[in-house]
Amino acid sequence: MSIALITGATSGFGKATAIRFAEHGYNVIITGRRQDRLNELEDYIKENFEVDVLTLCFDVRNREETINELNAIPHEWKDVTVLVNNAGLAAGLSTIQDGDIDDWETMIDTNLKGLLYVTRTVSPWMIKNNKGHIINIGSIAGKDVYPKGNVYCATKFAVDALSRAMRIDMLPHGIRVTAIHPGAAETEFSLVRYHGDADKAKSVYAGYEPLIADDIADIAYFAASRPAHVVLNEIVVTPTAQAAPAYWHKNQ
Ligand code: NDP
Ligand code: 8X3
């Protein structure tokens, strides 16, 4: 049976993607920092689909914890077919001169270093099997910069660069690498960006129809379900009302 490992599966894209892969018969490894959410998702998946679930609770910023937790999983779970590097966040929105350095470090440690720790651990398992698919969740913020997006954009530009570089490194091993670059999607993303300010978070999605987590889950599964000789290198997807990070058509 195929196995999908999805980081950041307690919410948003990661949760929807775990459900989508389970729906299609994948055993899933779900990770995140909130054990209660992982337990809930495990119960939901087991109740609804005939697949197995492994939950791993760790912080991707913690190098030792991330590598140890992953290496400690039972041998049979290491035949990971699809790795979805999704765990990530934006923290704050401000000019460089006003930026909060703690927020910067959180974004760099999560979106960039966390993704590297996970990939460094899991990709050798795929190489051993001569097959696998790495799906990195980037962003349109990794394609264009926007006002006050500076460090978040930089981490997502890095995800874009790493995805291209990984595709070269994985080439001799038959491992596919896909980057998905979404625009605005209504998840917990803005609540996290605005440090829990629900009104500010809600305002990001006012006046147009944003993407939802299922849209990204559909794309991730579509990419993974192409024939083995086909790899979607990258997919940039926005709401119809958004052309680029700073270009919108909103209702008044
Ligand atoms: P959510 O906030 O809904 O989900 C983020 C997930 O990442 C959660 O499961 C969270 O789990 C996990 N996560 C965050 N920090 C850590 C950490 N240090 N260690 C482990 N897990 C962590 O947001 P989205 O679903 O929207 O975001 C998913 C990805 O998509 C991110 O990489 C984001 O940058 C990207 N993205 C989002 C867009 C949007 O508009 N929503 C658009 C483009 C890209 P927990 O808190 O339990 O640890
Ligand atoms: C999230 C999308 O445009 O808010 O990556 O940066 S955006």
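We count ligands from 1, going down the list as the structure has it; atoms in each ligand are counted the same way. Residues: numbered from 1 along the sequence shown. Because only heavy atoms are used, hydrogens play no part in the values below, and waters and symmetry mates are left out as well, while side chains stay in.
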- [ ] Look at ligand 1 and say whether R61 reaches it with a heavy atom at a distance under 4.0 Å.
- [x] yes
- [ ] Examine G14 against ligand 1 and note whether any of their N/O atoms are separated by less than 3.5 Å.
- [x] no
Task: Intermediate values then yes/no, salt bridge (charged side-chain N to carboxylate O under 4.0 Å, His left out), E188 and K15 - done: CA-CA 11 Å; E188 292 178 9; K15 180 177 176 184; over 6 Å; no
Task: Protein heavy-atom partner closest to atom 41 (N) of ligand 1 - residue, atom, separation in Å - done: A185 O, 3.1 Å
- [ ] Determine whether the side chain, the backbone, both or neither of R193 has a heavy atom under 4.0 Å from any heavy atom of ligand 2.
- [x] side chain
Task: Spacing of CD1 belonging to I180 relative to OG belonging to S163, to within rounding of 0.5 Å - done: 10.0 Å
Task: For atom 44 (C) of ligand 1, closest protein heavy-atom neighbour - done: G138 O, 3.1 Å
Open item on the list: Just by distance, no angles: are the side chains of T81 and Y26 close enough, under 3.5 Å, to form a donor-acceptor pair?
Closed with: no
Open item on the list: Strictly below 4.0 Å, N to O, side chains only: are R20 and E23 in salt-bridge contact?
Closed with: yes
- [ ] For I137, take its heavy atoms, then give the atoms of ligand 1 lying under 4.0 Å from any of them.
- [x] 29 (C), 30 (O), 35 (C)
TODO: Enumerate the atoms of ligand 1 whose separation from the nearest heavy atom of G12 is less than 4.0 angstrom.
DONE: 3 (O), 25 (O)
- [ ] Show the numbers, then the answer: is there a side chain to side chain contact (heavy atoms under 4.5 Å, CB included) between S11 and R34?
- [x] CA-CA 10 Å; S11 166; R34 288 171 286 182; 3.8 Å; yes
- [ ] Ignoring hydrogens, just give me the one of P210, A213, A87 whose non-hydrogen atom is nearest atom 13 (N) of ligand 1.
- [x] A87
Task: Expected output: side-chain D215 to main-chain I212 donor-acceptor under 3.5 Å - done: yes
- [ ] Look only at interatomic distance and state if S139 has a nitrogen or oxygen under 3.5 Å from any nitrogen or oxygen of ligand 1.
- [x] no
- [ ] Distance to 0.1 Å, residue and atom name: give those for the protein heavy atom nearest to atom 24 (P) of ligand 1.
- [x] T187 OG1, 3.4 Å
- [ ] Report yes if some N/O of F13 lies less than 3.5 Å from some N/O of ligand 1; otherwise report no.
- [x] yes
Task: Proximal atoms of ligand 1 relative to A184 (non-hydrogen, under 4.0 Å) - done: 40 (O)
Open item on the list: Looking only at distances, can you tell me whether any N or O atom of N86, backbone or side chain, sits closer than 3.5 Å to an N or O atom of ligand 1?
Closed with: yes
Task: Option of least heavy-atom distance to atom 14 (C) of ligand 1 (set: R33, K15, K156) - done: R33
- [ ] Answer yes or no on whether R226 is positioned over the face of F222, meaning its NZ or CZ is under 6.0 Å from the six-membered ring centre and within 45° of the axis.
- [x] yes
TODO: State the atoms of ligand 2, each with its element, that fall below the 4.0 Å cut-off from a heavy-atom position in A141.
DONE: 6 (O)
Task: G114 to ligand 1, any heavy atom closer than 4.0 Å - done: no
- [ ] For ligand 1, find out whether one of its N or O atoms is nearer than 3.5 Å to an N or O atom of Y205.
- [x] no
TODO: List every atom of ligand 1 that sits less than 4.0 Å from any heavy atom of F58, numbering the atoms from 1 in the order shown and giving each element.
DONE: 19 (N), 20 (C)
Open item on the list: Donor-acceptor check, side chain of N27 to backbone of V51, threshold 3.5 angstrom: yes or no?
Closed with: no
Open item on the list: Only heavy atoms of G183, strictly under 4.0 Å: list the atoms of ligand 1 that pass.
Closed with: 40 (O), 42 (C)
- [ ] Give a yes or no answer on whether the side chain of D59 reaches the backbone of R61 with a donor-acceptor pair at less than 3.5 Å.
- [x] yes
TODO: Tell me which one of G142, S139, P245, G149 gets a heavy atom nearest to atom 2 (C) of ligand 2.
DONE: S139
Open item on the list: Are any of the N/O atoms on G8, whether in the backbone or the side chain, positioned under 3.5 angstrom from an N/O atom of ligand 1?
Closed with: yes
TODO: Taking only heavy atoms of A9 into account, list the atoms of ligand 1 that are under 4.0 Å away from them.
DONE: 9 (O)
Task: Nearest heavy-atom neighbours spanning T66 and V60 - done: OG1-CA, 3.3 Å
Task: Closest protein heavy atom to atom 33 (C) of ligand 1, given as residue, atom name and distance to 0.1 Å - done: Y152 OH, 3.7 Å
Task: Backbone of D160 reached by a side-chain donor or acceptor of N136 within 3.5 Å - done: no
Open item on the list: List ligand 2 atoms under 4.0 Å from Y152, heavy atoms only on the residue side.
Closed with: 1 (C), 5 (O), 6 (O)
TODO: Indicate yes or no: does an N/O atom of V60 lie under 3.5 Å from an N/O atom of ligand 1?
DONE: yes
Open item on the list: Is there a polar contact between ligand 2 and Y146, counting only N or O atoms under 3.5 Å apart?
Closed with: yes
- [ ] Keeping the roles fixed (side chain from K78, backbone from N71), state whether a donor-acceptor pair exists under 3.5 Å.
- [x] yes
Open item on the list: Please work out, at 4.0 Å between heavy atoms, whether the side chain, the backbone, both, or neither of T110 comes within that distance of ligand 1.
Closed with: side chain
- [ ] With side chain to side chain contact (heavy atoms under 4.5 Å, CB included) as the test, would you mind laying out the steps for M126 and I134 before giving the verdict?
- [x] CA-CA 9 Å; M126 292 179 163; I134 299 170; 3.9 Å; yes
TODO: Please work out which of S190, G88, G32 has its closest non-hydrogen atom nearest to atom 7 (O) of ligand 1.
DONE: G88
Open item on the list: Checking N85 against T119: is there a side-chain donor and acceptor pair closer than 3.5 Å?
Closed with: yes
Open item on the list: Whether the side chain of K148 engages the backbone of G99 through a donor-acceptor N/O pair (distance < 3.5 Å, no angle test) should be reported.
Closed with: no
- [ ] Using a cut-off of 6.0 Å, state whether more than 12 heavy atoms not belonging to R63 lie near its atom CZ.
- [x] no
